[in-house]
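In what follows, residues are counted from 1 in the order of the sequence shown. Worth saying up front: this structure is predicted, and the values here are computed from it rather than measured.
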Amino acid sequence: MAPTCSSFVATTRATWPGQRSTIGGVDEFVPRDFDVPRRLETPQFVLEPLDPEHNDQDYDAWTSSGKHIHATPGWQDSSWPREMTSGENRADLQRHADDFRNRTGFTYTVLDPASRDVIGCVYIYPLPNSDHDARALSWVRASHAQLDTPLWRAVSEWLASDWPFGSVEYAPRA
C-alpha cells in the first residue's frame with residue numbers, strides 16, 4: 001500500500017500497483033453523472049487511461065526505474081515496484097482498466113507526446129477512513145526524471161479543476 005504522505009489539498013480517492021482493491025467500503029468514488037476525464041495533454045506529456053495494450057512499454061518503464069520510483073515522493077515505503085513477470089504486469093494493468101471502467105479508481109499512463117512511449121503513470125483512487133476524498137500517486141521513468149515536478153503540478157491542477165473531489169492526498173514535489 002502506498003504510504004501516507006504530506007498532502008496537497010485539491011480533489012480525489014485510491015489502490016496501488018499490486019494491491020487488491022478495498023473499494024467495497026466506498027459507496028461511490030465519483031458521482032454517477034461525473035464525466036471522467038479521458039485525457040490530459042500538455043506539451044511535455046499526455047495522460048490516457050492505462051490499458052493492457054500498454055503492457056510492454058509500461059513493464060519496461062517501471063522495471064528500468066525501480067530505484068528512481070522508490071525515491072519519488074509517496075513511493076518511498078511502498079512494496080511496489082517489486083519483481084513481476086510481464087504476464088503479472090498485464091494482469092495488473094487489466095485490473096486497473098477494470099477499475100477505470102467500473103469507476104472505482106483511475107489509472108493513467110503517461111506518454112511522450114511525440115513518440116507515444118510510456119514515461120510514467122498516475123493513480124487516482126479512494127482513500128477510505130481519511131480526511132481526503134482521494135489519493136493520487138505518480139511516477140516517471142528515471143530517464144524522464146525532470147518531468148516529475150511538472151507532472152505533479154499538472155495533475156494537481158487537473159484534480160482541482162476537473163474532478164469532483166474536495167481534497168486529495170498527493171505527495172508534494174520541491
Checklist entry - Does any N or O in the side chain of Arg90 come within less than 3.5 Å of the main-chain N or O of Asp56, such that one atom is a donor and the other an acceptor? => result no
Item to check | Closest heavy-atom pair and its distance - Ala171, Gly74 | outcome: CB-N, 3.6 Å
Checklist entry - How about Thr104 and Phe29: do any of their side-chain heavy atoms sit closer than 4.5 Å? => result no
Checklist entry - Are any of the side-chain heavy atoms of Thr107 and Asp99 separated by less than 4.5 Å? => result no
Checklist entry - Pairs in or reaching into residues 64-73: which pass side-chain hydrogen bond (donor to acceptor under 3.5 Å, both in side chains), with residues at least two apart or in two chains? => result Ser64-Arg141
Checklist entry - Side chain of Ser167, backbone of Asp131: donor and acceptor closer than 3.5 Å? => result yes
Item to check | Closest heavy-atom pair and its distance - Ser138, Arg173 | outcome: OG-NH2, 3.2 Å
Checklist entry - Rounded to the nearest 0.5 Å, how far apart are CG of Asp58 and OG1 of Thr109? => result 6.0 Å
Next on the checklist: Is the ring pair Phe100/Tyr108 parallel, tilted or perpendicular, if the boundaries are 30 and 60 degrees?
Outcome noted: perpendicular
Checklist entry - Going by atom types alone, do Arg153 and Thr42 pair a side-chain donor with an acceptor below 3.5 Å? => result no
Checklist entry - Take atom CD in Gln146; do more than 12 heavy atoms of anything else shown fall under 6.0 Å from it? => result yes
Checklist entry - Considering the options Trp80, Trp139, Trp75, which one meets the ring pair (Phe, Tyr, Trp, His ring centres under 6.0 Å) requirement together with Trp62? => result Trp80
Checklist entry - Between Val36 and Val30, which heavy-atom pair has the shortest distance, and what is it? => result CG2-CG2, 4.4 Å
Next on the checklist: I'd like to know whether Asp162 forms a side-chain contact (heavy atoms from CB on, under 4.5 Å) with Leu40, so could you lay out the CA-CA distance, the side-chain angles of the two residues, the decisive distance to 0.1 Å, and finally the verdict.
Outcome noted: CA-CA 10 Å; Asp162 293 5; Leu40 174 65; 6.0 Å; no
Item to check | Under 3.5 Å donor-acceptor, Tyr59 side chain and Met84 backbone | outcome: yes
Checklist entry - Atom OG1 in Thr63, atom CZ in Arg82: separation rounded to 0.5 Å? => result 13.0 Å
Checklist entry - Applying the side chain to side chain donor-acceptor pair (under 3.5 Å) test to Asp98, which of His96, Arg101, Arg95 qualifies? => result Arg101
Checklist entry - So which heavy atom on Cys121 is nearest to which on Val110, and how close? => result N-CG2, 3.5 Å
Next on the checklist: Under 4.5 Å between side-chain heavy atoms, counting indirect links through other Ile/Leu/Val/Met/Phe/Trp/Tyr residues: same cluster for Tyr170 and Leu147 or not?
Outcome noted: yes
Checklist entry - Does any non-hydrogen side-chain atom of Ile119 lie less than 4.5 Å from one of Val140? => result no
Checklist entry - Which heavy atom of Glu88 sits nearest a heavy atom of Glu83, and at what distance? => result OE1-O, 4.5 Å
Checklist entry - Are side-chain heavy atoms of Leu151 and Val122 found at a separation under 4.5 Å? => result yes
Item to check | Taking every non-hydrogen atom, the tightest pair across Ser130 and Leu127 | outcome: CB-O, 3.2 Å
Item to check | 4.5 Å side-chain heavy-atom contact, Asp51 and Leu93 | outcome: no
Checklist entry - Can you pull the ring-ring contact (aromatic ring centres under 6.0 Å, His included) pairs that have at least one residue in residues 33-56, sequence neighbours excluded? => result Phe34-Trp163
